[in-house]
Novice: 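My questions all concern the structure below.
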Number of protein chains: 2
Amino acid sequence: MLFKVAQGCYHKDVPRLVDHDQRRAEIGEAAIRVILREGLTGVTVRGIAAEAGWSTGSLRHYFGNQHELQAYVVRAATETLHRRVLPRVQRPRTEGSVVDRIAGIVEENLPLDAERREEYALWAAVVEWERHHPPENGSVTWDDQRALYRQCIAAMRGHEPVRDPDRAAHPHPDPQVELWAALLHTFVDGLASQLVNTPGELSPGTAAALLRSLLEAVPGQQPDPHALQ
Amino acid sequence: MLFKVAQGCYHKDVPRLVDHDQRRAEIGEAAIRVILREGLTGVTVRGIAAEAGWSTGSLRHYFGNQHELQAYVVRAATETLHRRVLPRVQRPRTEGSVVDRIAGIVEENLPLDAERREEYALWAAVVEWERHHPPENGSVTWDDQRALYRQCIAAMRGHEPVRDPDRAAHPHPDPQVELWAALLHTFVDGLASQLVNTPGELSPGTAAALLRSLLEAVPGQQPDPHALQ
DNA sequence: CTTTAAATAACACGGGCGTGTCATTGCGGC
DNA sequence: GCCGCAATGACACGCCCGTGTTATTTAAAG
């Protein structure tokens with residue numbers, strides 16, 4: 001101990017050789033590559049060390065055991081996901097019908113092409129981790145998704161978009177928004193499940209068409225809801 | 001070879017000690033217990049041998065390698081599933097509203113209680129296997145599900161129930177039946193996915209309520225469709 | 001330069017796995 | 001009673017895993 005505290009404050013007589021946080025991030029990137037290749041079960045001490053180009057002994061300076069390593073990797077994967085898909089989801093959409101615009105947003109979360117399948121593999125790894133290590137304050141990934149679909153349904157029904165992320169995390173005053181957000185959320189999970197489990201039975205095109213059919217069944221749609229930011 | 005052909009016809013000079021098929025079935029039951037406990041990845045040669053009470057060498061007389069063992073187990077699990085849930089699905093339902101009766105059928109496929117969670121674990125193992133070994137003639141499990149939901153939606157819309165299983169496997173002439181069967185199928189998969197992946201976010205009661213909400217959104221419902229056999 | 005301790009790497013241990021080998025057992029046929 | 005062979009089970013091999021120990025390297029501090 002006594003070699004580093006907080007932000008770059010070093011104690012005497014101790015050589016600073018590497019930045020632990022930066023090294024951990026580097027290992028996290030290697031681990032994410034492994035996850036995309038082999039899934040969360042492929043995240044082994046030896047495997048990550050080989051992928052990152054170090055020995056297992058070196059890794060143990062940053063992660064005491066496999067559990068710590070995996071926990072860190074899952075956190076890194078979550079951040080990578082947010083960084084990659086959030087901007088796409090929040091991209092302003094002004095063309096097409098209401099259903100098309102909402103569908104475009106929702107499709108960013110579906111494994112419809114190679115890129116999103118990769119991201120979905122990351123997502124699945126996070127869910128897999130949360131399944132075995134249930135977060136006590138509710139699943140962040142689940143809550144984020146639900147908030148997104150709440151916003152989508154609310155917009156379709158002509159409600160003002162809620163800018164405050166905290167407010168968006170709470171139930172919508174319109175009970176129909178809550179209901180159809182839940183229906184949409186569940187339906188999207190079903191689409192994703194079928195796309196990865198039985199790709200021969202459900203093509204990406206059919207999945208997109210089904211999504212639009214469900215959106216068209218949402219009651220109380222406004223012809224021109226407030227612009228989707 | 002030359003020790004047994006077809007049904008109990010033995011060749012000369014060969015001691016018949018055990019019935020291979022019966023022994024394989026016995027091993028299959030042990031393997032299913034292991035699947036329920038540890039999933040398909042828990043189906044190891046050593047593990048199954050221990051569960052069944054034999055040595056690994058004995059198992060190798062019936063299964064040349066792990067792949068054969070798992071393939072057999074998946075087939076056995078599929079049959080067990082059909083034997084257990086099909087009668088429940090086809091149980092005559094005469095009480096409650098149309099939506100309630102259909103929901104009762106669909107719920108037999110959802111991991112809503114301990115018993116059905118067990119069956120869902122089996123089901124998931126089958127899907128997992130089919131994902132890595134795609135059947136060329138289409139997924140039997142998927143086709144069965146789709147046919148069931150087709151029948152459900154058709155009944156809600158007042159169509160005559162199709163008795164011939166072959167006919168039920170084909171698309172329904174009513175395009176709305178096809179569409180909503182697909183929507184329902186996808187939605188049920190989503191419910192199942194959330195029930196097992198994020199049980200803290202979706203209770204069995206909420207899942208059942210959501211299912212009923214979706215069924216109520218099915219267009220063209222008849223107040224009193226033909227009795228559900 | 002010497003000292004010092006972090007950083008690194010190499011290795012060992014114990015365990016689980018799939019798979020192959022081989023001696024033993026015991027039933028069926030003579 | 002005796003033989004043959006399917007059936008059985010114990011064991012070995014090689015591989016991968018997590019983890020702990022230990023020696024070597026390296027760079028900062030004096």
Side-chain angles (χ1 to χ4, degrees), chain A residues 1-5 8-27 30-31 34-35 37-74 129 132-133, chain B residues 1-5 8-27 30-31 34-35 37-74 129 132-133:
Chain A
M1 310 312 140
L2 288 183
F3 56 90
K4 182 178 179 185
V5 284
C9 162
Y10 299 96
H11 283 218
K12 69 184 182 69
D13 292 352
V14 174
R16 168 197 173 277
L17 297 183
V18 302
D19 181 335
H20 280 215
D21 290 339
Q22 181 212 315
R23 180 60 52 93
R24 258 189 274 260
E26 196 178 330
I27 293 173
V34 172
I35 282 190
R37 215 168 49 225
E38 313 170 35
L40 188 59
T41 52
V43 177
T44 66
V45 177
R46 288 172 138 89
I48 303 301
E51 175 74 25
W54 288 305
S55 71
T56 66
S58 297
L59 250 74
R60 284 183 51 92
H61 277 262
Y62 306 106
F63 306 97
N65 51 37
Q66 188 182 30
H67 191 271
E68 281 182 27
L69 171 63
Q70 289 186 331
Y72 177 85
V73 169
V74 167
W129 176 262
H132 293 98
H133 304 81
Chain B
M1 309 311 142
L2 289 183
F3 57 91
K4 183 178 178 184
V5 284
C9 163
Y10 299 95
H11 282 217
K12 68 183 182 71
D13 291 353
V14 174
R16 168 198 172 275
L17 298 184
V18 302
D19 182 336
H20 279 215
D21 290 339
Q22 181 212 313
R23 180 59 54 93
R24 259 189 273 260
E26 196 178 330
I27 293 173
V34 172
I35 282 189
R37 216 167 48 225
E38 313 168 35
L40 188 59
T41 52
V43 177
T44 66
V45 178
R46 290 171 137 88
I48 303 301
E51 175 76 24
W54 289 306
S55 71
T56 65
S58 297
L59 250 74
R60 284 181 51 92
H61 278 261
Y62 306 106
F63 305 99
N65 51 38
Q66 189 182 28
H67 192 270
E68 281 182 25
L69 171 63
Q70 289 186 331
Y72 177 85
V73 169
V74 166
W129 176 262
H132 293 98
H133 305 82

Novice: So, is Ser58(A) close to the dA9(C) phosphate, meaning a side-chain N or O under 4.0 Å from OP1 or OP2?
Specialist: yes

Novice: Can you tell me how far C1' of dA7(D) sits from CD of Glu26(B), to the nearest Å?
Specialist: 14 Å

Novice: Could you pull out all residues at least two apart from Trp129(A) that satisfy ring-ring contact (aromatic ring centres under 6.0 Å, His included)?
Specialist: His67(A), His133(A)

Novice: With Thr41(B), which residues qualify under side chain to side chain donor-acceptor pair (under 3.5 Å), at least two apart?
Specialist: none

Novice: Is there a side-chain contact between Val74(A) and Leu40(A) (heavy atoms, below 4.5 Å)?
Specialist: yes

Novice: To the nearest angstrom, how far is Trp54(B) atom CH2 from dA10(D) atom P?
Specialist: 14 Å

Novice: Can you tell me how far C1' of dG16(C) sits from CD1 of Ile48(B), to the nearest Å?
Specialist: 15 Å

Novice: Extract from the structure each pairing of a protein N or O with an N or O of nucleotides 22-24 of chain C at less than 3.5 Å, listing the distance.
Specialist:
none

Novice: Only counting residues at least two apart or in another chain, list the ones meeting side chain to side chain donor-acceptor pair (under 3.5 Å) with Arg46(B).
Specialist: none

Novice: Listing time: all N or O pairs from protein to nucleotides 18-24 of chain D that are below 3.5 Å?
Specialist:
{"unit_1": "dG18(D)", "atom_1": "OP1", "unit_2": "Val45(A)", "atom_2": "N", "d": "3.2"}
{"unit_1": "dG18(D)", "atom_1": "OP1", "unit_2": "Gln66(A)", "atom_2": "NE2", "d": "2.4"}
{"unit_1": "dG18(D)", "atom_1": "OP2", "unit_2": "Val45(A)", "atom_2": "N", "d": "3.1"}
{"unit_1": "dG18(D)", "atom_1": "OP2", "unit_2": "Arg46(A)", "atom_2": "N", "d": "3.4"}
{"unit_1": "dG18(D)", "atom_1": "N7", "unit_2": "Arg46(A)", "atom_2": "NH1", "d": "2.2"}
{"unit_1": "dG18(D)", "atom_1": "O6", "unit_2": "Arg46(A)", "atom_2": "NH1", "d": "3.1"}
{"unit_1": "dG18(D)", "atom_1": "O6", "unit_2": "Arg46(A)", "atom_2": "NH2", "d": "3.3"}
{"unit_1": "dT19(D)", "atom_1": "OP2", "unit_2": "Gln66(A)", "atom_2": "N", "d": "2.8"}
{"unit_1": "dG20(D)", "atom_1": "OP2", "unit_2": "Arg60(A)", "atom_2": "NH1", "d": "3.4"}
{"unit_1": "dG20(D)", "atom_1": "OP2", "unit_2": "Arg60(A)", "atom_2": "NH2", "d": "2.9"}

Novice: Can you list every salt bridge (Lys or Arg N to Asp or Glu O under 4.0 Å) pair that touches residues 51-67 of chain B, not counting sequence neighbours?
Specialist: Arg33(B)-Glu51(B), Arg37(B)-Glu51(B)

Novice: Determine whether Tyr62(B) and Glu26(B) make a side-chain contact, defined as any pair of heavy atoms from C-beta on separated by less than 4.5 Å.
Specialist: no

Novice: To the nearest angstrom, how far is Leu59(B) atom CG from dG9(D) atom P?
Specialist: 10 Å

